[in-house]
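Single-structure report; data block below.
The analysis underlying the following values was restricted to heavy atoms, covering all of them including side chains, and did not include hydrogens, waters or symmetry mates. Throughout, protein chains are lettered first and strands after them, A, B, ... in sequence-line order, and every chain is numbered starting at 1.
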Amino acid sequence: MADATKRKKAVQETIEDAWVRILAMKNSDSDTEKLLAVKDAMETGVTGRHPSGVGKRFSKAEALRIYNDLRVMLREKTLREMVEKTPRNYFLITNEKLLARLIERLGEQTEVAVDTETTGVDVYTDVIVGISLTLPSVSIPPLAEKGIHVYIPVQHDEGEQLSRDYVLSELRGFLYDEGIGKVLHNAIFDIAMFRRHDYDLRGVTWDTMVAMHLLNENEPSFRLKDLAPKYLGVESDTFAELFGKTPFNEITLDIALVYAGKDTDLTWQLYQFQYVHFTQMPTVLEYFRTVEVPLLYVIVEMEANGYILDLDFAKEYGEQLATRAKELHAKLIGVLSKHHEGDAELNLNSGPQMKAALSKEIGKELPNMDAKKTLKPMARDFEVIADLLEYRKITKLSGTYIDALPTKQNPTTKRWHSRFNPIGTVTGRFSSGKDEEAADSNQFNVQNQPEDARKMFVAPPGKVLVSADFKAQEIRCTAYLSGEPVLIEAFEKGIDPYANMASMYYKRPYHEVNKLPSGEDTPERKAMKVVWLATLYGMSDFSLADMLGLKKPEATAFKEELFAGMPKLSAWLKENEEHVAKYGFVWADKQQRKRRLPDGKLKRKEIPFGKWNDPRYEENRKHNAKINRAMRQGTNARVQGSSAIQTKVTMIRAHEECKKREGWALWGTIHDELVFEIPEDFTREDIAVIERIMTQSYAWGTVANGTDIAIMKRWGKGMTPEDWFKQKEAA
DNA sequence: CGATACGGCCAC
DNA sequence: AAACGTGGCCGTATCG
């Protein structure tokens with residue numbers, strides 16, 4: 001009876017009521033957007049109920065089904081319109097005669113926009129199916145538009161076209177001509193695609209994606225399709241919106257022309273727009289042209305070189321970890337399952353479940369499950385916590401690294417390839433990991449491999465890995481930027497800057513506060529390091545106190561006393577904050593890169609004394625927190641950003657050197673470290689070459705650079721070059 | 001089963 | 001209220 005009533009009620013619900021109900025649900029942003037689009041389409045009569053919904057109550061599921069149909073309709077309409085409106089200066093190049101005429105015109109250009117269309121985003125496996133080019137200075141007399149945009153299909157399923165081999169060989173002169181500048185959006189991808197077909201794309205002069213990052217690192221998206229509407233006023237659909245998962249070779253040529261032609265058209269327009277803005281920042285332009293653009297080639301080579309993993313080792317190690325995890329799992333379940341209700345077994349990987357069970361087991365409520373802060377201090381008193389920590393460490397290690405990496409071998413190259421994204425961070429550092437639109441790719445983050453996972457990475461046969469770090473890179477950078485004598489003198493004397501600070505602060509001899517013979521830190525040196533890093537990262541006195549095990553006033557006093565002994569550094573820190581507050585940005589070294597922190601210019605909002613916790617002032621607190629954050633970011637961005645420049649410049653030099661030497665390659669970079677692979681019969685002079693590359697490619701004024709070099713067959717700690725040679729001579 | 005958010009944790 | 005900067009990835013939770 002109740003059911004019948006419900007059913008009756010449901011039938012009676014009007015569409016209007018249904019919309020109110022559905023939109024009141026807890027919908028994700030993207031769902032809400034879709035639902036509103038459907039509502040609008042239904043109200044304007046574009047669409048009606050979905051066939052599957054006839055006779056049923058109108059549901060969110062039905063609305064989303066309608067959305068999918070609507071999207072297909074819309075897509076077809078958009079594509080039809082795109083083809084109808086194909087600009088008259090867009091041309092398909094489909095035969096020898098047209099290609100020959102194009103090549104003649106290409107020879108007259110000084111700069112050309114280039115883009116490739118491919119079967120997918122695996123640059124080692126997928127292939128080029130078409131090439132688009134924008135020739136900006138070619139005019140076809142009857143047309144008013146200046147410039148032409150061409151698409152050369154080479155492997156579409158249908159339509160008259162030339163073969164890829166023929167087109168590439170005919171274009172060789174153009175591709176290899178450094179005198180014809182190439183302008184691309186995300187050139188790394190296209191350089192790698194040409195490389196995949198054994199062709200170079202030489203003479204890249206501008207990458208609109210990288211340039212955009214220098215113009216505004218806070219840009220929410222660097223996709224051409226997002227930048228074009230924003231900065232050029234040109235609407236643009238993404239590949240996925242237009243074609244879904246259809247590979248480009250299945251797209252008919254009329255559609256391919258208008259889509260691919262638009263890519264280089266927009267890239268060229270964006271270049272023109274960006275160039276005007278760059279003329280306002282000549283130092284940044286110089287940096288872009290001499291560092292970021294040449295670096296693109298280095299990145300492509302480094303990524304393509306790739307990694308070799310010791311799969312036998314990974315398998316054995318993975319099994320060891322699995323065995324131990326199983327033991328710990330059984331033990332933990334034995335102790336904790338009595339605190340867990342429900343049919344399903346207690347899930348040790350579930351934070352909420354474990355927090356509840358553990359709290360009951362130890363008889364007090366845990367605030368959170370943070371390993372470092374909450375659990376580790378209790379591990380000695382509670383075996384169950386020690387076990388859980390070990391279990392979590394092992395499952396993290398195997399789940400993210402030991403078991404996961406072996407599955408990511410590239411099917412074509414049989415190697416493992418990471419991505420190094422030169423615009424992946426706001427400060428200029430590289431990020432590493434998956435591409436934005438390569439969710440199912442084999443790419444992985446090589447910059448956060450823990451020590452135990454690094455053991456899987458081995459040098460290629462007959463080679464060794466040589467890691468070279470910038471010794472105390474960020475401190476030297478700070479010494480240089482601030483001009484602080486205490487730091488500069490330490491580096492001049494070749495002594496440890498932390499120990500030097502400790503000696504000064506504690507008024508004790510340097511050797512007493514430096515590292516112990518075992519290599520361990522003295523408490524004095526360790527404290528200096530903590531305070532130093534805390535300052536660089538803008539840590540509050542509250543957190544500093546927490547880390548040093550002091551009360552807040554003591555931590556404040558400690559910091560103040562230490563920095564009183566380094567007045568230039570203190571003044572520099574203050575200047576950074578003032579600069580952020582006044583201009584809303586800071587400069588990296590030699591004004592090569594900006595870090596824009598617009599929140600720094602906000603005016604602080606008043607919070608009356610005693611009202612800190614008053615919810616009425618929550619907005620004000622959040623507002624002020626944004627300003628505080630910008631202040632912390634300012635100094636950090638100057639140091640991290642300048643250090644990233646040093647690393648990038650050094651990579652270019654390293655790459656040049658590697659090209660000259662048989663068997664040398666750049667293997668990777670981890671922020672303050674470059675890793676080379678070189679033949680294992682290297683000499684002392686070879687090591688001296690690497691030392692010179694590291695210390696002389698980019699100077700911090702008069703502050704000397706330093707490097708520590710290690711030789712390895714397997715990625716990890718390694719041995720010093722001296723030990724390597726001693727061992728070799730002994731054998 | 002996909003999309004999204006989040007806690008937690010790996011690196012420098 | 002937050003309290004340390006820059007990242008990426010895994011597993012769970014949650015939603016429909």
Problem - Any A/E303 side-chain heavy atom under 4.5 Å of A/I188 side chain - result: yes
Problem - Pairwise side-chain contact, A/W715 with A/Q449, heavy-atom cut-off 4.5 Å (strictly under) - result: yes
What integer number of Å spans the [atom1] atoms of [N] and [M]?
N	M	atom1	answer
C/dA1	B/dC9	C1'	24 Å
B/dT4	C/dC4	C1'	27 Å
B/dC10	C/dA3	C1'	23 Å

Please set out all donor-acceptor pairs under 3.5 angstrom arising from side-chain atoms of residues 595-603 of chain A, sequence neighbours excluded.
unit_1: A/R595; atom_1: NH1; unit_2: A/E217; atom_2: OE2; d: 3.0
unit_1: A/R595; atom_1: NH1; unit_2: A/N218; atom_2: OD1; d: 2.9
unit_1: A/R596; atom_1: NE; unit_2: A/L215; atom_2: O; d: 3.2
unit_1: A/R596; atom_1: NH1; unit_2: A/L214; atom_2: O; d: 3.2
unit_1: A/R596; atom_1: NH1; unit_2: A/E217; atom_2: OE1; d: 2.5
unit_1: A/R596; atom_1: NH2; unit_2: A/L214; atom_2: O; d: 2.8
unit_1: A/R596; atom_1: NH2; unit_2: A/L215; atom_2: O; d: 3.1

Practice task
Please state how far atom CH2 in A/W715 lies from atom P in B/dA11, giving the value in whole angstrom units.
Solution key: 10 Å
Exercise for the section: To the nearest Å, give me how far apart CG (A/L405) and C1' (B/dC10) are. Expected result: 13 Å
Handout entry: A/S432-A/Q447 side chain donor-acceptor pair, cut-off 3.5 Å
Key = no
Practice task
Please check if any side-chain donor atom of A/D672 sits under 3.5 Å from a side-chain acceptor atom of A/Q646, or the reverse.
Solution key: no
Fill in the blank from the handout: Closest to the side chain of A/I670, out of C/dA13, B/dC12, C/dA1, is B/dC12
Completion exercise
Checking B/dC12, B/dA11, B/dC9 against the side chain of A/D672 (C-beta onward), the nearest is B/dC12
Handout entry: Sugar-phosphate, base or nothing in reach of A/R65, heavy atoms under 4.0 Å
Key = nothing
Exercise for the section: Could you tell me whether A/E618 contacts a base, only the sugar-phosphate backbone, or nothing, with contacts defined as non-hydrogen atoms closer than 4.0 Å? Expected result: nothing
Problem - A/Y698 and A/W700 aromatic ring geometry - parallel, tilted or perpendicular at 30°/60° bounds - result: perpendicular
Exercise for the section: Produce a footprint string for nucleotides 5-11 of chain C: one letter per nucleotide, 5' end first; B if the base is under 4.0 Å from any protein heavy atom, S if only the sugar-phosphate is, - if neither. Expected result: BBBSSSS
Problem - Any A/R392 side-chain N or O less than 4.0 Å from OP1/OP2 of B/dC9 - result: yes
